[in-house]
K.L.:
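Dropping the structure in here first, questions after.
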Amino acid sequence: WASLTDHSSRVRPRVITFPEPHLFQRHTHCNTMASSLPSSCASSMGSTVVPDPEELDLVCVISQDLFEDPVFAADGFTYSRASIATWVETHDTSPHTNERLPHLQFTPNRRAQKHVEAYKEKLGLKLIELLEQAPRKPECEQLVRTYLHEGKANLNARRERDRRTPLLVAAELGLRHLVDALLESGAEYAATDCDGVGIEDLLPDLRETHKNEVMAMDAAKKRGDFKSIVRMLKEATGARVQIHGCRVVWKLIRHTRDTAQDDSNKDHEVALVSAGGIEAVINCMRSHPAHAGVQEEGCVALRCLSNEDVGKVRVAQHGGIKVILQALECHRGRAVEMQHQGCWVLGVVSNVAANRRTVAESGGMDIVLHAMRHHPNSTKVQKSGCYALGNIVACDAANQHDLARKGGMDLILRAMRQHQDAAEVQAWGCYAFGNETGNDQHYRVQIAEMRGIEVIIQAMKQHIRHE
């Protein structure tokens with residue numbers, strides 16, 4: 001394995017390289033999008049060629065699907081982490097050789113992960129080409145829907161000439177039905193091209209949709225009528241109105257998503273919580289679970305409404321923790337901003353003892369770890385993931401044990417090493433380590449053996465002016 005060539009060093013802008021066939025493993029048949037393309041379209045779908053993931057050996061032999069968080073097992077083969085973890089619960093043998101596994105530990109296969117991400121990027125570029133041809137070739141629309149149903153394509157892929165995403169290309173061509181399908185699949189509503197042009201610039205009538213409801217919310221915001229805002233949010237059924245309503249809620253508390261908690265408007269927060277804002281936001285998220293925009297804005301709103309313990313408790317009382325976890329699960333692998341906001345609000349509500357136990361028992365730790373593993377290059381996801389883990393394990397011996405057992409300390413350390421220039425990743429990584437060790441000497445020794453102390457010292461040296 002050490003002799004494998006690292007293709008990433010040869011990647012140039014807009015050029016996707018893949019491993020040689022059989023680089024990772026051999027396996028049996030797999031249903032793939034490439035094999036399902038109609039022959040009538042196959043020769044005229046554009047210049048982007050999408051290889052079969054089976055030919056690239058990017059398919060897990062257990063799940064028969066594209067690798068998800070690929071890891072090496074003790075037999076030297078690569079598997080999706082969740083699949084091999086489930087396998088070893090009832091087997092002590094290799095799925096490939098049927099020989100006994102010498103141990104049950106897994107090592108991340110980062111090169112395989114890079115190739116999976118490159119493959120998804122390739123699918124995203126193919127999606128753009130299909131959208132470009134859809135107006136004159138109706139059969140391509142079905143292929144677009146097939147790609148969206150499979151959920152493998154990177155919906156944030158960018159066209160070379162103008163940096164437009166599949167959503168912006170669909171909007172540019174006036175394909176409203178495909179715009180809706182892309183949004184339902186997790187395309188980023190706020191995406192803009194190289195000139196700052198967004199979806200509402202390309203489709204001005206989007207502003208007109210539910211215009212009266214949006215205007216009524218804005219008018220209530222101006223006059224400080226919090227009860228009316230919450231009432232209208234509860235009554236809203238359209239995804240775009242709910243997105244706007246959630247945004248109104250959090251903007252009344254913080255000017256931007258990055259506004260510090262200490263600079264938030266506490267009076268507005270109290271008024272909105274008292275008026276039922278938390279329940280209204282949770283209802284919005286429940287009504288459109290597949291819409292990444294609703295989930296993303298809902299998570300931001302819940303985060304802003306949960307600065308105080310009363311808000312955190314209220315989120316749990318009304319089933320908000322389950323809704324947040326479902327959002328992260330539904331949009332795993334896509335909608336990076338959604339993953340970031342979901343992990344962040346999960347960390348906020350876990351700052352209450354009863355909630356952190358609920359989060360852990362509901363699989364929240366696994367979901368956060370998955371987000372961090374799946375988006376290793378996202379500074380935001382690594383930051384919010386470290387923050388969430390730090391709060392989940394705080395003063396909770398059972399959760400601390402689970403984090404160590406599930407490889408969480410290694411993941412935090414990896415985030416700090418990979419994002420050395422990001423002060424917030426370093427800060428929240430240190431925070432997570434501090435809460436993980438607590439008064440347990442065993443975890444302190446474990447971090448030292450992982451060379452974690454050197455990483456922490458380096459973070460302090462590099463960010464000496466950061467509080």
Side-chain angles (χ1 to χ4, degrees), residues 213 216-217 220-221 224-239 241-257 259-289 291-331 338 340-359 361-362 364 367 384 387-388 391-392:
E213 294 174 79
M217 283 186 180
K221 177 185 176 183
D225 188 350
F226 304 112
K227 290 183 178 180
S228 292
I229 292 171
V230 171
R231 174 182 56 77
M232 287 186 280
L233 188 56
K234 287 180 177 179
E235 295 173 354
T237 57
V241 179
Q242 292 181 341
I243 287 174
H244 184 79
C246 289
R247 196 174 290 153
V248 166
V249 167
W250 69 255
K251 282 191 173 183
L252 279 166
I253 301 172
R254 301 187 186 185
H255 294 300
T256 70
R257 292 183 175 190
T259 299
Q261 179 177 331
D262 292 341
D263 296 326
S264 61
N265 191 316
K266 301 294 193 297
D267 292 337
H268 287 182
E269 178 188 348
V270 171
L272 286 164
V273 170
S274 300
I278 288 175
E279 298 91 307
V281 172
I282 291 172
N283 287 338
C284 289
M285 295 175 70
R286 281 198 182 107
S287 65
H288 292 280
H291 199 296
V294 174
Q295 302 304 310
E296 180 184 321
E297 296 296 338
C299 284
V300 178
L302 289 179
R303 171 164 64 89
C304 295
L305 290 166
S306 304
N307 289 328
E308 304 299 327
D309 285 356
V310 62
K312 297 176 178 65
V313 172
R314 203 156 179 169
V315 168
Q317 288 176 338
H318 293 277
I321 291 175
K322 181 179 180 181
V323 168
I324 295 166
L325 293 176
Q326 286 176 339
L328 285 164
E329 280 271 74
C330 183
H331 300 281
M338 164 64 237
H340 161 55
Q341 296 296 342
C343 289
W344 196 256
V345 69
L346 204 61
V348 170
V349 298
S350 296
N351 215 3
V352 172
N355 286 2
R356 68 176 63 106
R357 176 48 38 192
T358 301
V359 168
E361 291 175 350
S362 302
I367 290 173
S384 56
Y387 171 70
N391 281 344
I392 291 171

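No hydrogens, no waters, no symmetry mates; every other heavy atom, side chains included, goes into these values.
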K.L.:
Any side-chain heavy-atom pair from Q341 and R257 closer than 4.5 angstrom?
P.N.:
yes
K.L.:
OG/S350 to CD1/I321 distance, rounded to the nearest 0.5 angstrom?
P.N.:
6.5 Å
K.L.:
Any salt bridge (Lys or Arg N to Asp or Glu O under 4.0 Å) pairs touching residues 267-285, not counting sequence neighbours?
P.N.:
E279-R314
K.L.:
With distance as the sole test, does Q242 use its side chain to make a donor-acceptor pair with the main-chain N or O of V281 at under 3.5 Å?
P.N.:
no
K.L.:
So which heavy atom on T256 is nearest to which on W250, and how close?
P.N.:
C-CZ3, 3.5 Å
K.L.:
Nearest 0.5 Å please: distance from the CD atom of E329 over to the CD1 atom of I324.
P.N.:
13.5 Å
K.L.:
Checking the side chain of S264 only, and the main-chain atoms of R254 only, is there a donor and an acceptor separated by less than 3.5 Å?
P.N.:
no
K.L.:
Give me the atom names and distance for the closest heavy-atom approach of A220 to S228.
P.N.:
CB-CB, 4.2 Å
K.L.:
Using a cut-off of 6.0 Å, state whether more than 12 heavy atoms not belonging to K234 lie near its atom NZ.
P.N.:
yes
K.L.:
Between E297 and H244, is there a donor-acceptor pair closer than 3.5 Å when you use the side chain of the first and the backbone of the second?
P.N.:
no
K.L.:
Stepwise, does the side chain to side chain contact (heavy atoms under 4.5 Å, CB included) test hold for N265 with L252?
P.N.:
CA-CA 7 Å; N265 191 316; L252 279 166; over 6 Å; no
K.L.:
Around K227, counting heavy atoms of other residues, nucleotides and ligands shown, do more than 12 lie under 6.0 Å from its NZ?
P.N.:
no
K.L.:
With distance as the sole test, does H331 use its side chain to make a donor-acceptor pair with the main-chain N or O of P289 at under 3.5 Å?
P.N.:
yes
K.L.:
Work out which heavy atom in Q295 is nearest to a heavy atom in A327; give both atom names and the distance.
P.N.:
OE1-CB, 3.3 Å
K.L.:
Show your reasoning for whether side chain to side chain contact (heavy atoms under 4.5 Å, CB included) applies to V249 and C304.
P.N.:
CA-CA 8 Å; V249 167; C304 295; over 6 Å; no
K.L.:
Rounded to the nearest 0.5 Å, what's the gap from CG on L328 to CG on L346? Could you check?
P.N.:
6.5 Å
K.L.:
Less than 4.5 Å apart, any side-chain heavy atom of Q317 and any of I278?
P.N.:
no
K.L.:
So do the side chains of K322 and L325 get within less than 4.5 Å of each other, counting heavy atoms only?
P.N.:
no
K.L.:
In Å, rounded to the nearest 0.5 Å, how long is the span from CH2 of W344 to CG of N391?
P.N.:
9.0 Å
K.L.:
Could you check whether any side-chain N or O of S287 sits under 3.5 Å from a backbone N or O of C284, counting only pairs where one atom can act as donor and the other as acceptor?
P.N.:
yes
K.L.:
Does any N or O in the side chain of K312 come within less than 3.5 Å of the main-chain N or O of N307, such that one atom is a donor and the other an acceptor?
P.N.:
yes
